[in-house]
Chemist: 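First the structure, then my questions, so here it is.
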Amino acid sequence: MIPGNHDWFDGLNTFMRYVCHKSWLGGWFLPQKRSYFALKLPNGWWVFGLDQALHGDIDVYQFKFFAELCQQKVGEHDSVILITHEPNWLLDWYWGDKTGKNVTYLIREYLKGRCKLRMAGDLHHYMRHSCTESKEPVHVQHLLVNGCGGAFLHPTHVFENFKECYGNKYETKAVYPSYEDSSKIALGNILKFRRKNWQFDVIGGFVYFVLVFSMFPQCDSFRILHEDSWDGRVNSFFNATWNAIFEILEHSYVSLAGVLTLLTVSFFFVPTKLSRRRRALLGFLHAAAHITSAVLLMLLMELGIEICIRNHLLATSGYHTLYEWYRQAESEHFPDPTGLRARLEQWTFGLYPACIKYLMSAFDIPEVMAVTRSTICRKGIESLPRGGAIIYYVSVFLYFWVLSTPVVSMVFGSYLYVCINWFHIHFDEAFSSLRIANYKAFTRFHIKKNGDLEVFTLAVDKVPKEWMLDPDWDMEPKEPLQMSHTRRFPSKWRAASGWSDPTSVVRVVDQFVIPRTPVDPLLPDSAP
C-alpha cells in the first residue's frame, strides 16, 4: 500500500500505525514496514510503490533506495510497474506545472525504458494513454489513472486534449466514463445542484439579502405598471433594475460592501489555470449575475407587496390585523354571556389579551412588513425606532431568503456548468457538488506464463445506495489469519434487497496486454 494525500493530513501517523506497524489488516497480510515498497513478481516484473507525500515527489531517501535497486537488482530486460498517488502527467499538463522532478529523473536515467506502466489514482475516474510509435526512446509505454474508488466522480472530458509526456506522444486508449457521458453529467449542476447541496441555501440567501439590503423599501415600484403595454412594463422593470444597481454603487454602504466582497471572492474563486485577465472577466460576470438576480428578486418582492397594499390585502388595520380578525370571529362564533373573558383580562392585569395580540403580530409577518413599509415610505426610515427597523428588516429577510435561495443555487450551478464544459475549470468543485457515487472500477493484473502482463479494468456503472450485513459471511467458518479472498463469502456487507447479482452488472471497460521485454538468447544473463 502507498499513502495518499488524505493519509498525510495527520503526518502519516494513522498509516504507520495501522499499516506499517501491523502484519494483518482486513484479511490481508502486510509485510511492508515503510510507506514505499518494491515488490519482485514472476517473469521479470517489478512493482515500485512510491510515496509522494503532499508535494508530488519522492524524497532523497526514496530516490536513493529505488536508484540502487534499479542498478543492482532490476535486470536489463525486466519490466517495472510504477505506482504513485497523483497522476503528475495529467495534473502537470492541466495546471501548466512541472512537479515530480525526482520521479521523472528516476524514470529517465535509471529505469531507462524499463517502466512499462505508470499507474496512479487521486482523480476519481479511469483513463489510459498509450505511447504512439516513435523513433525517440520511450520512457513509459502506458499511463493509467484509476481513482474510481473515490467518494465522488471526477470528469474525464477536461483532460481530453492531453497528448504528450516525457517527450513522447500519447493517445487515449480507454476512458471511463466516456467524454460524452462526462460532459452530459455536468448538466446536473443546473438541474440538481440545489437538491444535492441544500445547505448552500443558508449562505446563498444571506448573501443576496446583503447585496440589496440598502434598497429596501422601493416606495415607487408601482410606477413600473403605469405603462400601457407589456413591452413598456418590461422595459420599465429593467430600467428600474439598472437604476437600483447604480444606486447601490453611488449611495449605499452595506450593499456596496457586499458587492465589493462578492467581486473579490468571485475573482479568487476562479482557478489560476486561466490568465489574470480571464479570471477577472469570468469573476466579474459571475458576480454580476448574482447581483442582477438579487436586484430583480428585490424588485419583484417589492412590487408584489405594493400590489397587495393597493388592493387592500395588506396594511389595512395596522400591525394587529390578525388579532382584530380573531376578536371579530371570537365575538361572532364564541359569545361570552357570562363575561368570562373580561374577568380573565382583569385578573391577569391585561396580559391575557396582550399576549395573544402580540403573539399573533409576530406570526403575521406580511402585515408587519407592509405596515412598516408604508410608514417608511410616508415618513422615512428615521421615523422608526431602532426596534421597529430591526423587525422590518428581519421580516423582509425571511421572505426574501425563501424567494432567493432557488435562484442563487441556479446561478451558481449554471456558473459551474459553463466553467466545466466551456473552460474546463472547476473540475473538482463541479463534480464534487453532484456527489455521484456511481462509476466504480478497479484494475487487476495477470502475468501470463510467457511473461506478458494482461491488465483488466472492471467497472460497475451504478452502485447500491443501501447495504446490509451478509448473514452468509457471519455463518461461514473462518480459520485464523485466513486471507479474505480465499473465503466463499469474502465481504461482510452485501447490497440490500432489490439489487441484482454483482456478477451480472460488472463489466470490463479496458483490457490490454503489455508484452514482456524480449530477451536475447545469446546474452549470458538471459538464462531462465
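Computed from a prediction, not measured in an experiment: that's the story for all the values here.
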Chemist: Side chains of Tyr126 and Thr457: do they bring a donor and an acceptor to under 3.5 Å?
Modeler: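 Yes, a side-chain donor-acceptor pair sits under 3.5 Å.
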Chemist: Look only at the side chain of Thr405 and the backbone of Gly205, and say whether a donor-acceptor pair between them is shorter than 3.5 Å.
Modeler: no
Chemist: Looking only at atom types and distance, does a side-chain atom of Thr156 sit under 3.5 Å from a main-chain N or O of Ser182, one as donor and one as acceptor?
Modeler: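 A pair under 3.5 Å: no.
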Chemist: Can a donor-acceptor pair be found between the side chains of Asn161 and Trp93 at a distance below 3.5 Å?
Modeler: no
Chemist: Between Asp461 and Arg507, does any side-chain N to carboxylate O distance fall below 4.0 Å?
Modeler: yes
Chemist: Looking only at the side chains, is there a donor atom on one of His139 and Asn168 sitting less than 3.5 Å from an acceptor on the other?
Modeler: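 There is no such pair between these side chains.
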Chemist: For Asp51, is there any backbone N or O sitting under 3.5 Å from a side-chain donor or acceptor partner on Gln62?
Modeler: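 Here the side-chain-to-backbone pair exists.
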Chemist: Taking the ring of Tyr94 and the ring of His424, is the distance between their centroids below 6.0 Å?
Modeler: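 That pair fails the under 6.0 Å test.
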Chemist: For residues Phe159 and His125, establish whether the separation of their ring centroids is below 6.0 Å.
Modeler: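 Yes; His125 has its ring centre under 6.0 Å from that of Phe159.
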Chemist: Does a side chain donor of either Ser433 or Asn197 reach within less than 3.5 Å of an acceptor in the other side chain?
Modeler: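 Judged by distance alone, the side chains do not pair up.
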Chemist: Please determine whether the number of non-hydrogen atoms from other residues, nucleotides or ligands lying under 6.0 Å from atom CD of Gln199 exceeds 12.
Modeler: yes
Chemist: Please confirm whether the ring centroid of Tyr110 lies under 6.0 Å from the ring centroid of Phe63.
Modeler: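 Under 6.0 Å, so yes.
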Chemist: Can you tell me if Met16 has over 12 outside heavy atoms packed within less than 6.0 Å of its CE?
Modeler: yes
Chemist: Go through the side-chain N and O atoms of Arg34 and Tyr61 and say whether any donor and acceptor fall under 3.5 Å apart.
Modeler: no
Chemist: Over 60° means perpendicular and under 30° means parallel, so classify the ring planes of Phe66 and Phe48, tilted if in between.
Modeler: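 Judged by the thresholds at 30° and 60°, the geometry between Phe48 and Phe66 is tilted.
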Chemist: Using the side chain to side chain contact (heavy atoms under 4.5 Å, CB included) rule, take Ile447 and Phe445 through it: C-alpha gap first, then chi angles, then the decisive distance, then the call.
Modeler: CA-CA 7 Å; Ile447 300 178; Phe445 301 102; 5.8 Å; no
Chemist: Working note: Glu171 + Lys173, criterion salt bridge (charged side-chain N to carboxylate O under 4.0 Å, His left out); need CA distance, chi angles, decisive distance, verdict.
Modeler: CA-CA 6 Å; Glu171 59 181 353; Lys173 290 296 185 179; 2.9 Å; yes
Chemist: Measure from the side-chain N and O atoms of Asp452 to the backbone N and O of Arg516, and report whether any donor-acceptor pair falls under 3.5 Å.
Modeler: yes
Chemist: Is it the case that atom NZ in Lys440 sees more than 12 heavy atoms from other parts of the structure closer than 6.0 Å?
Modeler: yes
Chemist: Quick one: does any side-chain atom of Ser252 pair with a main-chain N or O of Val254 as donor and acceptor, under 3.5 Å?
Modeler: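 The answer is no, because no donor-acceptor pair under 3.5 Å joins these two groups.
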Chemist: Mind checking whether Tyr415 and His290 have ring centres under 6.0 Å apart?
Modeler: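 Centroid distance Tyr415-His290: not below 6.0 Å, so no.
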Chemist: Say whether, by atom type as modelled, one donor and one acceptor occur between the side chain of His85 and the main chain of Gly4 under 3.5 angstrom.
Modeler: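 Side chain of His85 to backbone of Gly4: no pair is present.
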Chemist: Is the distance between the ring centroids of Phe284 and His286 less than 6.0 Å?
Modeler: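 So the answer is no for these two rings.
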Chemist: Donor-acceptor pair, distance only, cut-off 3.5 Å: does the side chain of Asn102 make one with the backbone of Ile58?
Modeler: yes
Chemist: Give a yes or no on whether the backbone of Arg488 and the side-chain of Glu476 come within a donor-acceptor separation of less than 3.5 Å.
Modeler: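 Yes; at least one donor-acceptor contact below 3.5 Å.
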Chemist: May I ask you to establish whether Lys492 and Trp467 are in a cation-pi arrangement, using a distance under 6.0 Å from NZ or CZ to the six-membered ring centre and at most 45° from the ring axis?
Modeler: no
Chemist: Is it the case that the side chain of Arg128 and the backbone of Asn146 share a donor-acceptor pair, with hydrogens and angles ignored and the cut-off at 3.5 Å?
Modeler: no
Chemist: Strictly below 4.0 Å, N to O, side chains only: are Lys101 and Asp57 in salt-bridge contact?
Modeler: no
Chemist: Should we say atom CH2 of Trp95 is surrounded by more than 12 heavy atoms from elsewhere, each under 6.0 Å from it?
Modeler: yes
Chemist: Counting N and O atoms only, with roles assigned by atom type, does the side chain of Arg279 sit under 3.5 Å from a partner on the main chain of Val270, one being a donor and the other an acceptor?
Modeler: yes
